[in-house]
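Counting from 1, the numbers follow the sequence of the chain as shown. Counting starts at 1 for both ligands and their atoms, in listed order. Small disclaimer: the values here were computed from a predicted structure and weren't measured.
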Amino acid sequence: MIIVIDFGSQYNQLIARRVREQNVYCQIEPPDINMDRLKSLHPEGIILSGGPASIYEENSPRTSPEIFELGVPVLGICYGMQFMIDALGGTVSRAEKREYGFARLHIQKEDALLAGIDQQTHCWMSHGDLITGLPGGFEVTAVTENTPMAAAGDPIRRFYGLQFHPEVEHTPQGKQMLKNFLFSICGCTGEWTMKAFAEDAVEEIRKAVGDKQVILGLSGGVDSSVTAMLIHQAIGEQLTCIFVDNGLLRQNEGSRLKQLFTQHLKMNIDYVDASGQFITALHGVTDPEEKRKIIGKIFMDVFEAEAQEIENAEFLAQGTLYPDIIESRSAFGGPTSIIKSHHNVGGLPEKMKLKLIEPLKYLFKDEVRKLGETLGLPGELVWRQPFPGPGLAIRVIGEITQRRLEVLRTADAILIEEIREAGYYKKLWQSFCVLLPIKSVGVMGDKRTYENILAIRAVTSVDAMTADWAKLPHELLGKISNRIINEVKGVNRVVYDISSKPPSTIEWE
Ligand code: XMP
């Protein structure tokens, strides 16, 4: 286990990713982590992350200097290096020139951290302060034009510092430096795999749950499905998954999920068809936030009523992921677990006095997918594109009716079929149809038509925070358009959305 102390750098998650890619488990902790807790985690090494602060600032994040007395190797990156050097008695000064971007790195001395690195390479700098004096025991190991102490190390105490960011792609040999730290310096073995993670998690869930019952809100998305698989493997029949069909799902989605989870995966599924309730409540509603509020409220009511029926229920399982946890705490404060958008049942655990189980809370999305594969979850679910909690309600722009939902559903099924067939489904973050509240004139056969306009949205993205419209081949777009106009009654025009996020969003509402 490697601990990354979070000094607030935008690259923190990337450090954790790079470590885990080497099959070494790693956890991000805030700077004020209690030293007894840190010791109890038995880390093989500690990485002090970068951060936007300057150690001169009064409130700059600091961790207890005791961290340097644990006998554990430490790697300081950027601000983390400056913090370490300052704490150990060196000097950090304000730089005359801020250094940002590519810099040529010259290796002066090949120590354990820089073993195998080219004499001259590149690195990615981003700092204002500069180290000007090293504590006893440290030696300079690399320089750049503007940074005379770009890398330094104390091999006896096994403390190392890099003024640049080894975790980003722009430092081409950064990966090797991190590998050197993990394997040569910390002695990690690289045996952390999803199989090992699953075995540990199953054991922990069994211990925590005992003979009690667990409930889980299943949405059919990757996170809740993998959570369900893991818990089911641990406690089998003691898990009940509640699936609320809100009538806003895609074609055959509800029935396929039900079949998969009950017949194929042999899980206890409480399938609640509440579509009538949702559609009635949405009647005449056109405002997107109003739609979301109504859907969220009904979902909670239905879920709570179902959950009350389950005797001996003591736990609520949620598919919270690591980024949700990291992003919800500041570099200075402790973790505060946030509840994700409305499909997670916020408020319910306290109300029903349920304890939370969040077995994925230390995993990133792609690790969850790997775990899903390890657990035998069908590819159809492991690789599902994200689908919003309010479902098709926010893709029928304006008023929602059964008829309009059906038009959208039929068109969407065609789009997904063609996207899959062309091999684009996995490459796209999301691809879907949006039904617009305006009509246009067309001609079919010899007849004038006056029908709906449908938009196609397809984007690439890594985290949905930003997204680019997908440059799909014109032939593919043409085929989709043709099929939709010919096969879906009520649509006579298809348009392609060429807006990126920002300034647009992925969904239209
Ligand atoms: P936007 O449209 O904000 O979407 O660019 C970013 C991501 O979030 C999804 N999304 C939602 N998910 N409830 C959800 O569970 C919602 O109300 C909601 N709105 C947007 C969207 O599909 C995309 O993946």
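For a threshold of 3.5 Å applied to N or O pairs, the pair formed by I394 and ligand 1 contains no separation below that value. Where the criterion is an N or O separation shorter than 3.5 Å, residue side chain and backbone included, P388 fails it with respect to ligand 1. Residue R395 has no N or O atom closer than 3.5 Å to an N or O atom of ligand 1.
A salt bridge (Lys or Arg N to Asp or Glu O under 4.0 Å) check over residues 391-405, counting only residues at least two apart or in different chains, returns the pairs R395-E507. Applying the side-chain hydrogen bond (donor to acceptor under 3.5 Å, both in side chains) test to every pair with at least one member in residues 275-287, sequence neighbours left out, gives these pairs: D273-S275.
Under a 4.0 Å heavy-atom criterion, F387 is not in contact with ligand 1.
Here CD1 of I231 is found 12.0 Å from CE of M229. Values are rounded to the nearest 0.5 Å.
The minimum heavy-atom distance between L415 and S431, with the atom names listed, is CD2-C, 3.7 Å.
Within the 4.5 Å cutoff, the side chain of L360 has heavy atoms near those of the V226 side chain.
Taking the six-membered ring where the residue is Trp, the centroids of W124 and Y100 are separated by under 6.0 Å.
Both tests do not hold together for R457 against F432: distance to the six-membered ring centre under 6.0 Å, angle to the ring axis within 45°.
Between the choices Q385, E507, R292, R457, the shortest heavy-atom distance to atom 19 (N) of ligand 1 belongs to R292.
The ligand atoms of ligand 1 that sit less than 4.0 angstrom from a heavy atom of T505 are 1 (P), 2 (O), 5 (O). For ligand 1, the atoms closer than 4.0 angstrom to any heavy atom of W429 are 24 (O). For ligand 1, the atoms sitting less than 4.0 Å from at least one non-hydrogen atom of K501 are 1 (P), 3 (O), 5 (O), 6 (C), numbered in the order shown with element in parentheses. Residue G389 approaches ligand 1 through these ligand atoms, each under 4.0 Å from one of its heavy atoms: 12 (N), 13 (N), 14 (C), 15 (O).
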